[in-house]
Every structure is written in C-alpha cells, then in structure tokens.
Protein chains: 2
Amino acid sequence: MFSSTSEILKRNQLSVTESRKKILDMFLRTDGALAHADIEQRSGTGFDRVTVYRTLQTFVEKGIIHTIPTTDNSVRYALCKDECSAGHHHDDHIHFLCDACGTTYCLDHITVPAVQLPKGFRATQTDVVVSGICSKCNPV
Amino acid sequence: MFSSTSEILKRNQLSVTESRKKILDMFLRTDGALAHADIEQRSGTGFDRVTVYRTLQTFVEKGIIHTIPTTDNSVRYALCKDECSAGHHHDDHIHFLCDACGTTYCLDHITVPAVQLPKGFRATQTDVVVSGICSKCNPV
DNA sequence: ACTACAATGCAACAATGTTGCAAAATATTT
DNA sequence: AAATATTTTGCAACATTGTTGCATTGTAGT
C-alpha cells in the first residue's frame with residue numbers, strides 16, 4: 001500500500017499545505033536521514049527557514065519523523081515507520097552513519113540488542129548509532 | 001593510582017594553564033557528562049566562551065574527553081578512560097540519559113552488544129544511548 | 001632571566017534556532 | 001459556493017551557539 005503525502009497529513013490531523021507536502025515528499029523520496037540544512041537547500045527557491053523549523057517540529061510531535069542522535073552537533077531527521085504514532089515512538093532501531101559518504105541509514109529490520117543496566121536503572125528507549133563504511137562505499 | 005590535572009595535561013603534551021586545569025578538574029569531579037553551558041556557568045567568574053570552546057576541542061583531539069551522542073541538539077562531553085589516546089578512541093560503552101534529573105552516565109563497565117549489520121557494512125564505532133530513569137530518581 | 005612559542009581574551013562575525021504578529025492559506029460552517 | 005473561523009506562513013527582530021583573526025598575556029625551554 002502506498003500513501004500520498006496528503007493522505008499521511010490527513011491521517012495525522014494536519015492541514016494539507018504546500019510546504020508540508022513538499023517536505024514530507026522529500027522524506028519519502030530519501031532513503032536516509034535529512035538535516036534541516038538539506039531540506040532548506042533542496043527545496044529549491046523554497047520556504048522560509050522558520051517554516052521548515054516549525055514543520056519539522058510538527059512532524060516530530062505527530063510521530064511522522066524522528067530525530068537521530070549524532071556525535072557531532074547536527075540534528076537529523078528520518079521517517080518513522082507505521083508503528084509510530086503521536087507521542088508513542090517505536091524508535092528502537094539502529095542508525096548507521098557512513099563516514100565516507102555521510103549518509104544516515106535507518107536499519108529498521110535490525111533488532112536492538114538488549115542492554116543489561118545496573119540495578120535501579122530503567123530504560124524507556126535505546127538508541128544505537130553505528131559509524132563506519134556503508135555497502136556502497138565499501139571496497140569489494 | 002590518582003592523576004592530578006597537571007599530570008594529565010603534561011602526559012598529553014599540553015601546556016598547563018589555569019583554564020585547562022580548572023575545566024579538566026570539573027570533569028574529574030563530575031560523575032556524568034558536561035555540556036558547554038555547564039562548564040561556562042559553573043566555572044564561576046570564569047573564562048571566555050571562546051576559551052571553553054577551544055579547550056574542549058583540544059581535549060577531544062587529545063582523547064581526554066569525548067562527545068556523547070544525544071537526540072536533541074545538545075553536545076555533551078565526558079571523560080575518556082585511560083585506553084583512549086589521541087585519535088584512537090575506545091568509546092564503545094553505553095551512555096545513560098536520565099529523563100528525570102537530566103544526568104548523563106557513562107556506563108563504562110557495560111559491554112556494548114554486538115550488532116549484526118547488513119552485508120557490505122563495516123562498523124568502526126558503536127554508540128549506545130539509553131534513556132530512562134536512573135537509580136537515584138527511580139522509586140523503590 | 002631571556003627567548004620562542006602557545007594560549008587567552010576581545011571583537012567581530014557566521015550559523016542556528018526562537019518568538020510575535022500581520023497576511024495568506026486552509027478548513028469548517030451555513 | 002460563499003462567509004467565517006482556524007491554522008499556517010513569512011517577515012522582522014531577537015537569542016543562542018559556535019567560529020575566526022589578532023594583539024596581549026602566559027607558559028616552556030635554554
């Protein structure tokens with residue numbers, strides 16, 4: 001089943017606007033993750049910086065996208081899978097950051113291994129960020 | 001064995017200065033991680049913002065501290081263990097971020113579980129960030 | 001103590017993110 | 001389909017965060 005941008009927006013009780021459709025479309029067409037700068041640049045003669053900020057914020061709140069932890073101070077966003085709903089993320093998957101090409105992959109199908117925490121610690125979410133070389137950049 | 005700030009600095013071929021000693025001392029006295037803002041504030045009638053930035057940068061380069069990945073756009077630093085040397089980090093340990101008190105713990109003694117990557121992907125570093133409630137904030 | 005070198009502070013700048021408000025677009029009602 | 005209510009956008013101004021060049025100060029080595 002294939003959802004259009006408008007459908008996804010309506011499903012999340014968001015008014016359908018040009019900027020939201022366009023930004024959501026970028027995520028649907030991109031395999032990896034996007035940073036704020038990517039969106040602002042690629043959107044061509046695009047939207048106001050503020051609009052992009054607010055749109056991303058809205059999408060995160062609605063559970064359409066999620067932020068990816070990074071070691072540097074950049075913020076990246078990626079599409080959530082269908083299991084995500086507002087305020088109820090299912091982000092326990094692995095992110096892979098290629099040091100060569102800079103692409104961020106969401107490896108949704110790989111399960112996050114269970115982590116044994118010290119006594120008294122209770123986990124609500126586990127993020128795993130693996131850095132290295134991706135299959136495209138890896139010499140055979 | 002206990003190392004003084006001066007000893008640590010000399011061991012890393014850094015000139016021993018007031019700011020470096022003071023900032024390094026903050027890390028030695030702190031269990032968790034520190035953000036730039038923490039350092040600037042706690043250092044009292046302290047140093048220039050630029051000095052803090054440059055000092056942190058230098059410490060990261062020398063392998064004295066390392067950055068911690070976070071989901072929000074904040075950058076946090078924590079002491080490296082002795083195995084770390086310049087450009088050759090041994091950061092494969094788990095970070096725990098308490099949602100209640102905001103403290104970041106470096107759980108050095110917990111091993112990062114092996115992650116099975118797709119074919120062609122090669123990992124050089126694995127960061128695990130667990131969010132939840134720490135032992136201090138957890139109701140018994 | 002003198003010299004060479006490195007670190008600091010200041011100023012100015014660049015980048016990133018936030019807020020208030022009028023104008024425009026979208027949704028809802030009649 | 002038109003009018004009203006609501007939401008979103010763009011602009012401006014601002015706040016925060018991080019960077020760079022350069023003179024001054026401090027540190028290291030002889």
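Chain A is the first sequence line, chain B the second, and so forth, proteins listed ahead of strands; every chain is numbered from 1. Only heavy atoms go into these numbers, but all of them, side chains included; no hydrogens, no water, no symmetry mates.
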In whole angstrom, what separates [X]'s [atom1] from [N]'s [atom2]?
| X | N | atom1 | atom2 | answer |
| --- | --- | --- | --- | --- |
| A/Tyr77 | C/dT16 | OH | P | 12 Å |
| B/Leu9 | C/dT8 | CG | P | 10 Å |
| B/Leu56 | C/dT8 | CG | C1' | 15 Å |
| B/Asp48 | D/dG26 | CG | P | 15 Å |
| B/Lys22 | D/dT27 | NZ | P | 13 Å |
| A/Lys21 | C/dA25 | NZ | P | 14 Å |
| B/Arg49 | C/dC10 | CZ | P | 12 Å |
| B/Lys62 | C/dA6 | NZ | P | 11 Å |

OP1 or OP2 of [N] under 4.0 Å from side-chain N/O of [X]:
| X | N | result |
| --- | --- | --- |
| A/Ser15 | C/dA27 | no |
| A/Thr17 | D/dT9 | yes |
| A/Thr51 | D/dT9 | no |

So B/Thr58, base contact, sugar-phosphate only, or nothing? Heavy-atom distance under 4.0 Å.
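No contact.
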Reckon A/Arg20 touches a base, only the sugar-phosphate, or nothing at all at heavy-atom distances under 4.0 Å?
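The residue A/Arg20 makes sugar-phosphate contact but no base contact.
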Quick check for you: among [options], whose closest atom lies nearest to any side-chain atom of [X]?
| X | options | value |
| --- | --- | --- |
| B/Tyr53 | D/dG18, C/dC10, C/dT19 | D/dG18 |
| B/Arg54 | D/dG18, D/dC22, C/dT16 | D/dC22 |
| B/Val75 | D/dA12, D/dG18, C/dG17 | D/dG18 |
| B/Val16 | C/dG9, D/dA28, C/dT26 | D/dA28 |

Just checking, any donor-acceptor pair under 3.5 angstrom between side chains of B/Thr104 and B/Arg76?
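Per modelled atom types, B/Thr104 and B/Arg76 side chains form a pair under 3.5 Å.
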Position toward the 5' end of DNA chain D (nearest nucleotide), B/His36 or B/Glu18:
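Nearest-nucleotide comparison on DNA chain D picks B/His36.
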Take A/Asp25 and A/Arg29 through the salt bridge (Lys or Arg N to Asp or Glu O under 4.0 Å) test and state the conclusion after the steps.
CA-CA 6 Å; A/Asp25 189 61; A/Arg29 291 182 189 281; 2.7 Å; yes
Using ring pair (Phe, Tyr, Trp, His ring centres under 6.0 Å), reason through B/Tyr77 and B/Phe59 one step at a time and then give a plain yes or no.
CA-CA 10 Å; B/Tyr77 302 87; B/Phe59 285 0; 9.6 Å; no
One pair to check against salt bridge (Lys or Arg N to Asp or Glu O under 4.0 Å): B/Glu7 and B/Lys10. What are the steps and the verdict?
CA-CA 5 Å; B/Glu7 283 170 344; B/Lys10 282 176 192 164; over 6 Å; no
Test A/Tyr53 against A/His36 for ring pair (Phe, Tyr, Trp, His ring centres under 6.0 Å), laying out the working first.
CA-CA 7 Å; A/Tyr53 278 116; A/His36 175 96; 3.9 Å; yes
